Amino acid sequence: MPARKPSSAKPPPKKKPPKKLTLSEQQPPPEYLPEIARRLSEEYLPDPPQPRRSAEPLDGLIQTILSQQNTAPITRRQFQGLKTAYPHWEGALADGPDGIEAVLKAAGGGLSRVKAGYIYSLLAELDETRPSLSLRETRDLDDTAARELLESLPGVGMKTASCVLLFDLARPAMPVDTHIHRIARRLELVPEAWNAVKVERWFDEVLPREWAARYTFHVSAIRHGRQTCRARNPACGVCVLRDLCPSAAILGR
């Protein structure tokens, strides 16, 4: 029986996997998003400050850690207590987590032990990996490299890094706290099931990549959440976004 000649037919081409949609493609922003930003700015931050860069971003990072589940006055008091006890962060590193905790407790506020552990771990990591206890080099890095450095540090996640980028390095980051997360869901900008990290990534795609635009949106939205769009008993009757908010008809009764 003669040998069968090999087939010259080419195998069918492999199907390319479907392109993964970006978050803004999955959830396109409404055309009135710029109007939301304009109204919030006009109501809560009509004169945004000029961008500034911190002389020592490490100070801003430690303040951000202290601010978690703390009020602004307590955060300021704790940070001032640390700076008084430790004019140089090397002193805090030498004192250890127990010493840092004692300073925080004396200043008041909760989670002193947890935050002392975060601060000590952060300082220890910098001591092991960097020439000094400083983050000044982030001032000269591009946005991506600065974020990567910050998020490589213990206890520093996306939101904490974004706060340092926005407030201490004047970079166009967009941290999403509980107020902004709540407002985004009530306005139905994002799906109810999205967590804060996903919402931050969505905002990063849809807001102008400009420091002033993101700083203004972030600060004015937080003020709106604290003063008007509260978690309980929102003041829908005086809300500047009432006609744009699908939740107002339910919450504002």
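For clarity, every value in this text was computed on a predicted model and none was experimentally measured. This chain uses plain numbering: 1 for the first residue, then up along the sequence.
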Query raised in the report: Which heavy-atom pair separates A161 from V156 by the least distance, and what is that distance?
Result: N-CG1, 4.0 Å
Report task. Return the set of residues passing side-chain hydrogen bond (donor to acceptor under 3.5 Å, both in side chains) with Q50 (not counting sequence neighbours), or none when no residue passes. Result -> none
Query raised in the report: Side-chain heavy atoms under 4.5 angstrom apart, residues restricted to Ile, Leu, Val, Met, Phe, Trp, Tyr: same cluster for Y44 and M174?
Result: yes
Query raised in the report: Using a distance-only test with no angle check, is there a side-chain donor-acceptor pair under 3.5 angstrom linking S134 and S132?
Result: no
Query raised in the report: Under the side chain to side chain contact (heavy atoms under 4.5 Å, CB included) test, which residues partner E35, sequence neighbours left out?
Result: Y32, R38, R39, L244
Query raised in the report: With a cut-off of 6.0 Å (strictly less than), are more than 12 heavy atoms of other residues, nucleotides or ligands near OH of Y118?
Result: no
Query raised in the report: Any donor-acceptor pair under 3.5 Å linking the side chain of S41 with the backbone of A37?
Result: no
**Report entry** Residue pair H224 / H179, side-chain heavy-atom distance below 4.5 Å
**Finding:** no
**Report entry** Side-chain donor-acceptor pair present, S220, E43, cut-off under 3.5 Å
**Finding:** no
Query raised in the report: Is I74 reachable from V114 through a run of hydrophobic residues whose side-chain heavy atoms are each under 4.5 Å from the next?
Result: no
Query raised in the report: Using 4.0 Å as the upper bound for N to carboxylate O, is an ion pair formed by D204 and R214?
Result: yes
**Report entry** Sidechain-backbone polar pair: R113 side chain, E101 backbone, donor-acceptor under 3.5 Å
**Finding:** no
Query raised in the report: Does L135 offer a backbone N or O that forms a donor-acceptor pair with the side chain of E56 under 3.5 Å?
Result: yes
Query raised in the report: How are the rings of W89 and F79 set relative to one another: parallel (under 30°), tilted (30 to 60°) or perpendicular (over 60°)?
Result: tilted
Query raised in the report: Can you say whether the rings of F217 and F203 are parallel (under 30°), tilted (30 to 60°) or perpendicular (over 60°)?
Result: tilted
Query raised in the report: L169 and L207: same hydrophobic cluster, using ILVMFWY side-chain contacts below 4.5 Å?
Result: no
Query raised in the report: What side chain to side chain donor-acceptor pair (under 3.5 Å) pairs are there with at least one residue in residues 152-163, not counting sequence neighbours?
Result: Q68-T160, R147-S162, S162-E200
Query raised in the report: Tell me, do W202 and T22 make a side-chain contact under 4.5 Å, heavy atoms counted?
Result: no
Report summary line: All heavy atoms of Q78 vs all of L66, minimum pair found to be OE1-CD2, 3.6 Å
Report task. Taking all heavy atoms of G109 and all of N70, pick out the closest pair and write down the distance. Result -> CA-OD1, 4.0 Å
Query raised in the report: Is the backbone N or O of E148 less than 3.5 Å from a side-chain atom of E151, with the two atoms forming a donor-acceptor pair by type?
Result: no
Query - Shortest non-hydrogen contact from R230 toward N233 - result: NH2-O, 2.6 Å
Report summary line: Minimal heavy-atom distance between Q27 and W194, with the atoms involved, is CB-CH2, 3.7 Å
Query - Distance-minimising heavy-atom pair for P234 and R186 - result: CB-NH1, 3.7 Å
